[in-house]
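Here the structure comes first, spelled out in structure tokens, and everything after it is commentary.
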Amino acid sequence: MRITPISAGRVYRVPARRQEVNSKSIRNSTEIPNIAFYGLFGCKKPDVTEKFRYGLEALDDKSMLIVTSDETVSNLMLNKVVENIDVPILKTYTLKVGEKDLINREKLEANFGIYKKNYDYYVINLSEWIWNLEVRNPKETLNTKQHFVKSGEIKKLNYGEYIGTGELHLDTHGKYKFMFNPPYSYNPTNAEGYLEVRSAVSTPEGLQSLNRQTISALTAGEKKVSNKQKEFTFWDIGGLGNIIEELRKSIIRPINYPMVYKNIRLNKGIMLYGPPRCGKTLLGKAIANEADAEFRYVNANEFKYSEVGGSEKSVRNIFKQAEDKAPFILFIDEFDAIGKKRDGSSNARFDDSVVNQFLGCMSDLEKSNAMAFVIAATNRLDLIDPALLASGRFGLHLEVPMPNLEGLKEIYDIHAKGQPIEDSVSKDELAKTMLENKFNGSDVAEMVTLGYYNALERLGINRKMDNKTFMLSDLKKIKIAQEDFTQAIAKIAKQKL
Ligand code: ADP
């Protein structure tokens, strides 16, 4: 096997003494900058090299520069090894290198990251195993493996070394893989203008790789990483447009524009009813986000204390919290567990006092100015005590029904979004079959998951994972086909029987 250098680059000498790089002086002078690994990528002044240089200049001890031709692979790799990186990564600068940047238009398959600690630079190979990152001193000979940084490995760079990429298994033509277009007029001002910058502070979800160091840096400082879970909005709910409109009318607009509703009695109790798994809880979460209100989910069974008077007390406490922290949305699931009809039996006496407490709290809430709303959800409206359903209590009743054909298509679109799905998949066909099989919203979500599993099996990806021949580049081959979905539907339908 022959090992060939692929970085045909110019290597700049570096001074023996450590010096901080002054970006201004680099830009203004024809002098060679004092950084260790400037000779990347070959050409004398290609724009990619320039961008790379500005990324390096921008690095501090809390950031990382990522050079990548495949962000999926580099992100996955980074996630895998992030805990080995002993600096926080509050910011990433990403330099994407595409085919257009290559002289011979060959696909580039090398990804790496660079970070800085004190005055030292570390390079980390974010490619798959077959691609090895070459780090070497130009005076040294090349045909030794010791300069190659393995996949996921981190190497401290010594002065005088430069980095390039190496293909250990070189093809017969000895092709260069890492060459860029010849220089053209290019006048960079700073890294942020030319590289994709993501900050762990402003967009926590944008930076997938948060190591412990990053998290403690964020929480120790004045800036906080958001710990919110995925925020559901009305866009995440399919087929319930008319209910959403009702909720806008009764809850969202009053919360957002209280001045408009100053003299009007608001419906603060809303009862959502309908078959399970059709989106009632989803609606509650989405309302809270759309109205930017506090959201608290409780299951009605939580009120069932054995201790006498405990249930009433917890009902009072939760209403007090809702009022104090308004705007507030209290979502009570499985409301029939406490709101059952009073039937005079001994068990019902326990329920009586809780129902009475609810009635009292609801009428106090109606009278108060606090923008606090209680949404109760049940699959069994018929079980609920009519006193609770009267106006002034849970006066607004909204049915969340099983999805119809259009609803199923909308729900499919929501759950299929971002999934690798063959263009040939017919949504109409799927929706028809789902309707025949009485699918609820949750079944649609399940169909997408199972469809994906089926695709993994059909495409031999499972086998590759089992025998450890899976490559991150295999990710691109995964596509869910119609047959994967129809098999999934059949399986879910069978389970429903
Ligand atoms: P419910 O409260 O009516 O029992 P959920 O809101 O908990 O049902 O729904 C369960 C899951 O099913 C949701 O998290 C979502 O993934 C999916 N789902 C249900 N209904 C819908 C819908 N209308 N649109 C999109 N997804 C839905």
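Start at 1 and go down the list; that is how both ligands and their atoms are numbered. All values below come from the heavy atoms of this structure, side chains included, with hydrogens, waters and symmetry mates left out.
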Could you tell me whether [X] and [Y] make a salt bridge, using a distance below 4.0 angstrom between a side-chain N and a carboxylate O?
X: K116; Y: D60; result: no
X: K280; Y: D333; result: no
X: R253; Y: E245; result: yes
X: D474; Y: K477; result: yes

For [atom], closest protein heavy-atom neighbour:
atom: atom 4 (O) of ligand 1; answer: R277 N, 2.8 Å
atom: atom 2 (O) of ligand 1; answer: T281 OG1, 2.5 Å
atom: atom 14 (O) of ligand 1; answer: L282 CD1, 3.8 Å
atom: atom 23 (N) of ligand 1; answer: G238 O, 3.0 Å

Quick one: does ligand 1 sit under 4.0 Å from the side chain of [X], the backbone, both or neither, non-hydrogen atoms only?
X: H415; answer: side chain
X: I411; answer: side chain
X: C278; answer: backbone
X: D333; answer: neither

**Item:** Any donor-acceptor pair under 3.5 Å from H397 side chain to L389 backbone
**Value:**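 Pair found, side chain donor or acceptor close to backbone of L389.
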
Suppose I only count heavy atoms of [X] and a 4.0 Å limit; which atoms of ligand 1 are within that range?
X: I237; result: 23 (N), 24 (N)
X: D236; result: 24 (N), 25 (C)
X: P276; result: 4 (O)

**Request:** Could you tell me if any non-hydrogen atom of K285 lies under 4.0 Å from any atom of ligand 1?
**Result:**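 So K285 does not count as touching ligand 1.
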
**Prompt:** Is there a side chain to side chain contact (heavy atoms under 4.5 Å, CB included) between F373 and I255 once you walk through the steps?
**Reply:** CA-CA 10 Å; F373 294 83; I255 286 183; 3.6 Å; yes

Compile the donor-acceptor pairs under 3.5 Å between side chains in residues 320-327 and protein atoms, sequence neighbours left out, one pair per line.
from	atom 1	to	atom 2	distance (Å)
K320	NZ	D324	OD2	2.7
Q321	OE1	R296	NH1	2.7

**Item:** Full working for side chain to side chain contact (heavy atoms under 4.5 Å, CB included) between M434 and V444
**Value:** CA-CA 8 Å; M434 288 194 277; V444 184; 3.9 Å; yes

**Asked** Applying side-chain hydrogen bond (donor to acceptor under 3.5 Å, both in side chains), which residue pairs with at least one partner in residues 485-497 are found, sequence neighbours left out?
**Response** D443-K496

**Asked** Among G279, G284, S442, G441, which one has a heavy atom closest to atom 5 (P) of ligand 1?
**Response**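 The nearest heavy atom belongs to G279.
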
